[in-house]
Amino acid sequence: MKPLNADLHCHSTVSDGLLTPAELARRAHGNGVELLALTDHDEIGGLAEAATEAAEVGLPFVNGVEISVSWGDDQTVHIVGLGFDRDFAPLVEGLAQVRSGRDSRAHRIAAELDKVGIHDAYEGALKYAGNPALISRSHFARYIVELRHAKDVKSVFDWWLAKGKPGYVAHPWATLDDALGWITGAGGITVVAHPGRYRLSRAEMNEMLSRFKELGGVGIEVLSGSHDDEHTREYAHMARHYGFLASRGSDFHGPGESWVDLGRLPDLPEDLVPVWTRLN
Ligand code: AMP
Ligand code: MN
Ligand code: MN
Ligand code: MN
């Protein structure tokens, strides 16, 4: 059977992407995507617009979200939810709660950056975010590039914003239990986003995946824009080992700011069961 060109992870202006939800749906369609999920960070406000445009161009669409979760000793993992009812009140309220922490975190990030000579970063980042509840490190990164303290967004993270760098601050996100409860309660399925990006030891990764499985987690991103071939092999192995369904998502944020464009990922290894077999 011909593999489906599914892209189940990307971002719009409703979080830290550069394209509107409608622009994203059109670009996905133009790139040959055959099933799309929009997965903004902790926010589902773009889904209606993306779904409407996707229907307009004849592109199958499922609801998505990428929830920020605190794990262990100041680690952050991202959980993608797919195919849920976007009116489910505990999900809507839970995400609002997660977003409500972003503004105060942004002020703390700005205070740290100020100490190393990057001034007015809160105002600068807010200009890119538009909304204090959506403000993310990506918006700080764009402002720092604008100030020419780094040549691109990627290097801003390396120099200023990644864990251990001057502008990093710890922050309590959702718990894994809550994130999975909201998505599963809303009739959706949960997927561990880009596992190759976490700085977890093998034992810590196994602990996280075991807990995710215990809580009813079903899938793992084997193919991600931020994975290299070795990550893909490793997480294909984890999918087999844990019996997880396999997902595929570019994590596209915008032209010129992403590892890979919408729908431009290799096919999943043939023996894995794709998550979309569980989505209508
Ligand atoms: P936040 O949710 O505010 O912590 O921001 C996290 C976002 O920053 C991620 O979703 C990515 O879009 C971006 N990001 C994180 N690390 C990097 C990196 N090393 N290079 C480029 N973008 C990154
Ligand atoms: Mn992002
Ligand atoms: Mn992520
Ligand atoms: Mn993402």
Side-chain angles (χ1 to χ4, degrees), residues 1-12 15-17 19 24-25 27-41 50 54 59-69 76-83 154 183 188-200 202 205-206 208-209 212-213 217-280:
M1 216 173 63
K2 189 177 154 289
L4 187 76
N5 189 354
D7 194 330
L8 303 179
H9 188 151
C10 63
H11 298 273
S12 75
S15 62
D16 59 349
L19 303 181
L24 209 63
R27 186 181 183 97
H29 179 65
N31 281 5
V33 172
E34 296 167 306
L35 176 66
L36 178 70
L38 171 63
T39 56
D40 279 308
H41 297 286
L59 166 62
F61 179 84
V62 292
N63 289 332
V65 67
E66 182 176 20
I67 305 181
S68 313
V69 164
T76 302
V77 302
H78 286 173
I79 299 295
V80 163
L82 297 171
K154 173 92 192 56
I183 298 296
I189 63 173
T190 48
V191 174
V192 175
H194 46 63
R197 291 249 299 273
Y198 306 134
R199 285 197 242 150
L200 298 175
R202 182 167 282 266
M205 177 63 78
N206 277 313
M208 195 270 286
L209 294 178
F212 173 75
K213 173 114 185 161
V218 297
I220 186 168
E221 280 183 359
V222 170
L223 284 169
S224 162
S226 61
H227 279 179
D228 59 25
D229 292 349
E230 198 182 319
H231 291 133
T232 302
R233 275 193 299 277
E234 177 165 357
Y235 294 104
H237 168 77
M238 292 295 199
R240 293 179 193 108
H241 178 78
Y242 284 94
F244 290 142
L245 304 185
S247 194
R248 179 179 189 264
S250 59
D251 208 355
F252 179 77
H253 282 69
E257 233 185 70
S258 286
W259 292 278
V260 55
D261 206 335
L262 290 162
R264 298 283 155 80
L265 288 166
D267 297 328
L268 284 170
E270 272 178 32
D271 66 302
L272 299 181
V273 184
V275 283
W276 48 92
T277 57
R278 286 270 296 271
L279 297 167
N280 310 317

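Note that the structure is a prediction, hence the values are computed from the model and not measured.
Under the salt bridge (charged side-chain N to carboxylate O under 4.0 Å, His left out) criterion, Arg197 pairs with Asp251, not counting sequence neighbours. Residues passing the salt bridge (charged side-chain N to carboxylate O under 4.0 Å, His left out) test with Lys213, sequence neighbours excluded: none.
Contact annotation: the side chain of Asn5 approaches that of Arg248 to within less than 4.5 Å [non-hydrogen atoms, C-beta and beyond]. A 4.5 Å side-chain heavy-atom check between Leu209 and Val192 finds at least one atom pair inside the cut-off. Within the 4.5 Å cutoff, the side chain of Val275 has no heavy atoms near those of the Glu221 side chain. In this structure the side chain of Met238 never reaches within 4.5 angstrom of the side chain of Phe244, judged on heavy atoms. Considering only heavy atoms from C-beta on, Phe252 comes within 4.5 Å of Asp261 through its side chain. Put simply, the side chain of Ser224 does not reach to within 4.5 Å of the side chain of His9, judged on heavy atoms. Here the side chains of Ile67 and Thr190 are not in contact, with every heavy-atom distance at 4.5 Å or above.
Side chains of His227 and Glu234: a donor-acceptor N/O pair is absent below 3.5 angstrom, by distance only. Looking at His194 and Glu66, their side chains do bring a donor and an acceptor atom within 3.5 Å of each other.
In this structure, CG in Leu59 is found 14.0 Å from CZ in Arg27, a value given to the nearest 0.5 Å. For the atom pair Ile79 CD1 and Ser68 OG, the distance stands at 10.5 Å (nearest 0.5 Å). Considering CG of Leu36 and CG of Leu24, their distance stands at 6.5 Å, rounded to 0.5 Å. To the nearest 0.5 angstrom, Leu272 atom CG is 11.5 Å from Ser247 atom OG. Atoms CG and NE2, from Leu19 and His11 in turn, are 12.5 Å apart once rounded to the nearest 0.5 Å. Atom-to-atom distance recorded for Leu245:CG and Leu279:CG is 9.0 Å, nearest 0.5 angstrom.
Ala37 approaches Leu82 most closely through the heavy-atom pair CB-CD2, 3.6 Å. In terms of heavy atoms, Ala50 sits closest to Leu38 at CB-CD2, 4.0 Å. Across all non-hydrogen atoms, the minimal contact from Leu223 to Leu265 is O-CD1, 4.2 Å. Taking both residues in full, the closest heavy atoms of Phe61 and Leu35 are given as N-CD1, 4.2 Å, listed atom of the first, atom of the second, then distance. Residues Pro195 and Ile220 share a closest heavy-atom pair of CG-CG1, 3.8 Å. In this structure, Val218 and Arg278 approach most closely via the heavy-atom pair CG1-NH2, 3.7 Å.
Of the possible polar contacts, none joining the Asn31 side chain to the Val33 backbone as a donor-acceptor pair under 3.5 Å is found.
Aromatic pair Phe212/Tyr242: ring centres not closer than 6.0 Å. Ring-centre distance between His78 and His41: below the 6.0 Å cut-off.
Screening Val222, Val273, Leu4 for a side-chain contact (heavy atoms from CB on, under 4.5 Å) with Leu268, the sole residue that qualifies is Val222.
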